[in-house]
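Everything numeric here is computed off the predicted structure, so don't read it as measured data.
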Amino acid sequence: MYSKEKFINREISWLSFNERVLQEAQDPETPLFERIRFIGIFSNNLDEFFRVRVAAVRRMVDLGRDEENLLGDMTPDELHNNIQEIVIEQQNKVQEIYTNILQELEENNISIIDEKDLTEKQGKFVRNYFYEKVLPNLVPIMLSKGNKFPYLRDRSVYLAVKLWKKEDPEDLAYSLIRIPGRSVPRFLVLPEENGKQFVLYLDDIIRFCMADIFFYFDYDMYGAYTIKITRDAELDLDDDISKSFVEKMSHSLKKRKKGKPVRLIYDRDMPKDLLKFLLKKMKLAEGSDAIPGGRYHNHKDFMNFPEIGKKKHYYTKLPPFRHKDLPPFTSIMKMMREKDIMLHYPYQTFNHFIDFLREAAIDPKVKEIGLTIYRVASASKVVNALLNAVRNGKKVTVIIELQARFDEEANIFWSNKLQEEGATVINGVPGMKVHSKLAWVHREEEDIMRNYAYIGTGNFHEGTARVYADDGLLTADPRLANEVEKIFDFFKQNFLRHDYKHLVVSPFTMRQTWEDNIENEIALAKQGKPAWMTLKMNSLIDPKMMKKVYKAAQAGVKVKLIVRGIFGLQVGLNGFSENITAISIVDKYLEHSRIFLFGAGGEEKMYISSADWMPRNLNRRIEVACPIYDENIKIELKKMLEIQLQDNSKARILDPELSNKYSKKNTTKKYRAQEDYYNYIKSITKE
């Protein structure tokens with residue numbers, strides 16, 4: 001059954017979000033090298049979209065029905081075709097933007113050249129680099145009609161090579177070479193000449209030295225064309241009860257790498273005979289499965305483009321600063337006993353949280369530490385602090401979600417490492433993902449045990465804390481910290497279902513709590529009283545919650561929404577949703593915090609949460625929303641919402657047409673939310 005409600009399809013909405021990322025690459029006000037990085041982000045996003053969402057749509061097409069209620073009046077087949085049309089259009093736009101960026105680089109004496117542009121001097125440099133760094137990593141595979149086609153790695157870029165004789169074009173051969181993206185940088189910066197800088201793709205280094213690779217044969221002509229395969233990333237966990245969950249995950253990850261292909265991108269200049277050969281061998285259909293692209297793939301590598309530009313080519317750095325209540329050499333737990341502390345990333349330093357763990361690890365009065373891990377850095381200071389706590393004799397309980405998409409292997413590694421050191425590791429909750437961001441410290445004080453907690457909107461990842469806009473509450477308030485202890489009791493023994501009077505926990509009470517708050521605003525509106533709510537999240541696509549928002553708007557509740565990504569509502573429709581306004585902010589930082597503010601008849605209720613309004617968050621995940629009781633913290637978060645709502649630089653209006661037009665209100669003054677909030681937090685730090 002396909003929904004006939006006034007909803008926007010989830011996948012189409014997501015593609016509209018990625019279009020906003022592409023707008024940043026196109027915006028002439030975005031610094032030049034940041035525009036290059038946004039092309040990388042766009043490409044990386046699209047890869048994940050195909051691996052997960054398009055793969056799911058393909059399964060719907062194969063089954064002839066939807067897996068979960070499909071929003072929008074489309075069959076799976078129609079949706080799949082619609083996605084392909086939008087993606088092809090976006091890929092063409094990327095090529096146009098990239099061409100313009102190349103021109104701007106030229107104007108700044110930076111050239112991205114190919115193998116045909118190399119001078120004799122540059123050629124010698126490249127050939128030496130090839131023999132020293134590249135060639136040891138290359139293993140060409142010769143292709144033939146009779147041999148089995150080799151397995152192509154997911155998201156890796158390959159050169160499909162055609163070899164032939166100039167005097168006899170019918171005497172030809174085909175080969176595949178995987179471009180070694182991990183062991184060798186994708187870009188080579190050549191020696192500067194006359195004040196000009198030159199950058200060469202690794203692909204073109206290989207093309208330049210093609211004769212050196214195939215010297216065994218007597219071919220004298222070569223053509224090399226990039227291809228990239230994207231595979232279904234769905235994990236298939238078997239039901240063998242003799243295996244541990246970690247074993248099942250490890251086995252399933254190996255199978256994922258051989259998942260069904262969902263997309264092949266190929267160089268549109270590839271000869272027809274070579275393309276036909278590849279598609280036949282890979283059992284793919286041109287058009288539906290294979291998408292023509294440019295000369296280069298894996299634009300995600302632009303996220304790590306060499307930093308050779310000038311200062312003006314990058315965003316102005318906004319260095320994170322300390323929280324005003326946490327000066328150096330201050331006991332964080334002592335300050336937490338005095339008041340709640342809200343950390344705002346990336347404006348304030350993530351080191352405060354690491355210091356909190358480090359203090360707990362060496363404090364002789366601390367008996368137990370608990371933490372939930374969804375994603376952590378590869379060289380994690382957070383995990384290192386936990387390991388030190390174990391070595392200091394603390395009981396450490398870590399809940400590691402092994403099914404954190406694309407971080408499964410890293411989480412298996414940390415799971416094993418922590419267990420080896422003696423920590424208690426719990427690999428999630430059966431049937432549900434643990435997505436909550438919680439830390440808990442159990443400390444002995446004057447013959448009683450006291451709880452300290454951290455409740456956040458983002459991962460315990462010092463890398464993403466520099467680029468994700470998140471919030472985290474440090475609290476020793478017994479109303480909150482004692483309930484965090486209850487959640488860890490539940491993690492340890494899943495049959496323990498506590499009552500939570502303050503924290504809101506999904507899948508148990510969260511949906512009902514949000515619905516109750518909305519119904520309260522509806523009741524106020526019907527009484528003619530002021531009724532409003534301001535909601536900030538990453539995605540809003542849950543059908544029941546969207547119907548509630550529509551119901552509120554029709555009752556006269558003023559609804560202001562700040563939604564970065566997927567958004568399923570159609571706002572501004574007369575007689576239906578004109579009381580709803582919605583914006584999305586895409587800028588230098590990734591907006592990741594979830595903040596929910598309800599008017600509540602003057603007794604405002606505010607929450608921060610790890611959960612979006614999506615079926616998976618409200619139905620199938622352990623998520624936590626935390627009420628904000630401290631009035632000063634409420635003021636800080638309300639100020640964030642106010643600043644974001646007046647943004648007229650990076651805010652886009654979310655309309656039913658998915659036009660992504662910039663919000664242009666208050667045109668007499670420029671407002672840019674992320675910079676303005678940085679300055680606001682900095683100003684109250686100096687008070």
Side-chain angles (χ1 to χ4, degrees), residues 323 325 332-333 335-337 339-345 348 350 352-353 356 370-374 399 434-442 450-460 465 468-491 498-518 533-538 562 592-598 600 603-613 617-618 621-641:
H323 191 283
D325 295 324
I332 292 180
M333 282 190 280
M335 292 306 302
M336 290 168 69
R337 288 192 288 274
K339 63 193 296 188
D340 284 356
I341 296 167
M342 181 68 77
L343 299 174
H344 308 284
Y345 311 121
Q348 292 167 322
F350 186 73
H352 288 317
F353 176 71
F356 169 58
L371 192 86
T372 59
I373 286 181
Y374 196 75
I399 291 77
V434 177
H435 191 251
S436 51
K437 323 299 184 185
L438 301 173
W440 164 62
V441 171
H442 206 40
R450 182 163 187 172
N451 290 310
Y452 297 77
Y454 173 98
I455 307 162
T457 67
N459 296 304
F460 297 118
Y468 282 29
D470 271 307
D471 301 284
L473 180 70
L474 288 164
T475 182
D477 184 335
R479 293 173 293 179
L480 304 175
N482 290 355
E483 291 197 351
V484 170
E485 180 186 14
K486 287 182 179 181
I487 296 173
F488 276 89
D489 284 344
F490 166 72
F491 289 143
H498 297 283
D499 290 326
Y500 302 99
K501 294 181 180 178
H502 302 278
L503 295 183
V504 182
V505 184
S506 81
F508 311 123
T509 58
M510 188 172 286
R511 182 184 293 279
Q512 191 62 52
T513 299
W514 299 145
E515 289 184 355
D516 289 347
N517 276 287
I518 295 173
M533 51 191 180
T534 303
L535 313 173
K536 178 182 188 297
M537 61 194 97
N538 296 327
I562 306 168
H592 196 251
S593 59
R594 292 88 165 180
I595 304 170
F596 304 93
L597 177 60
F598 301 92
E603 298 178 5
E604 295 174 1
K605 290 185 178 181
M606 176 181 277
Y607 305 82
I608 64 168
S609 181
S610 58
D612 293 309
W613 285 6
N617 300 96
L618 301 178
R621 289 186 172 187
I622 305 295
E623 305 268 18
V624 171
C626 174
I628 301 301
Y629 293 138
D630 185 285
E631 290 303 318
N632 289 325
I633 292 175
K634 268 189 182 178
I635 291 169
E636 288 177 17
L637 291 174
K638 275 187 72 176
K639 189 67 176 177
M640 180 202 290
L641 297 175

Hey, could you give me the [atom1]/[atom2] distance between [X] and [Y], rounded to the nearest 0.5 Å?
X	Y	atom1	atom2	result
L480	D630	CG	CG	10.5 Å
I562	M537	CD1	CE	10.0 Å
M606	T534	CE	OG1	8.5 Å
N517	F598	CG	CZ	4.5 Å
K638	L597	NZ	CG	6.5 Å

Less than 4.5 Å apart, any side-chain heavy atom of [X] and any of [Y]?
X	Y	result
C626	V504	no
I608	M342	yes
H442	F488	no
K339	D325	yes
L438	I455	yes
W440	I487	no

In short, salt bridge (Lys or Arg N to Asp or Glu O under 4.0 Å) pairs touching residues 478-488 with sequence neighbours left out are D477-R479
Next on the checklist: Whether R450 engages the ring of Y452 as a cation-pi pair (distance to the six-membered ring centre under 6.0 angstrom, angle to the ring normal within 45°) should be assessed.
Outcome noted: yes
Of the non-hydrogen atoms in [X] and [Y], which two are nearest, and what is the gap between them?
X	Y	value
Y374	V434	CD1-O, 3.3 Å
S610	S436	OG-CA, 3.6 Å
A476	D340	N-OD1, 4.1 Å
A611	S609	N-OG, 2.9 Å
M510	V624	CE-C, 3.8 Å

Hits for side chain to side chain contact (heavy atoms under 4.5 Å, CB included) against A453, two or more places apart or cross-chain, chain-then-number order -> T475, A481, V484
V441 vs M333, side chain to side chain contact (heavy atoms under 4.5 Å, CB included): CA-CA, chis, key distance, verdict = CA-CA 10 Å; V441 171; M333 282 190 280; 4.0 Å; yes
Tested for side-chain hydrogen bond (donor to acceptor under 3.5 Å, both in side chains) against R594, the lone hit among D612, D471, N617 is D612
side-chain hydrogen bond (donor to acceptor under 3.5 Å, both in side chains) test vs K437 passes for just one of N459, T372, T457, namely N459
**Item:** Parallel, tilted or perpendicular: rings of Y607 and W514 (30°, 60°)
**Value:** perpendicular
Does the plane of the ring in W613 sit parallel, tilted or perpendicular to the ring in F596? Use 30° and 60° as the thresholds.
parallel
Centroid-centroid distance, Y500 to F490, less than 6.0 Å: no
> Is the Y454 to F353 ring centre distance short of 6.0 Å?
Replying inline: yes
- Item | Under 3.5 Å: donor-acceptor pair, side chain of H323, backbone of I341 | no
Item to complete: Would you indicate whether K634, at its atom NZ, is surrounded by more than 12 heavy atoms from other residues, nucleotides or ligands within a distance under 6.0 Å?
Response: yes
Handout entry: F508 CZ: over 12 foreign heavy atoms closer than 6.0 Å
Key = yes
Exercise for the section: Quick one: do L637 and H344 satisfy side chain to side chain contact (heavy atoms under 4.5 Å, CB included)? Show the steps, please. Expected result: CA-CA 9 Å; L637 291 174; H344 308 284; 3.8 Å; yes
* To do: Classify the side-chain pair N632/E636 by whether it contains a donor and acceptor separated by less than 3.5 Å.
  => no
**Message:** With side chain to side chain contact (heavy atoms under 4.5 Å, CB included) as the criterion, how do M640 and S593 come out once you've worked through the C-alpha distance, each side chain's angles and the decisive distance to 0.1 Å?
**Reply:** CA-CA 11 Å; M640 180 202 290; S593 59; 4.2 Å; yes
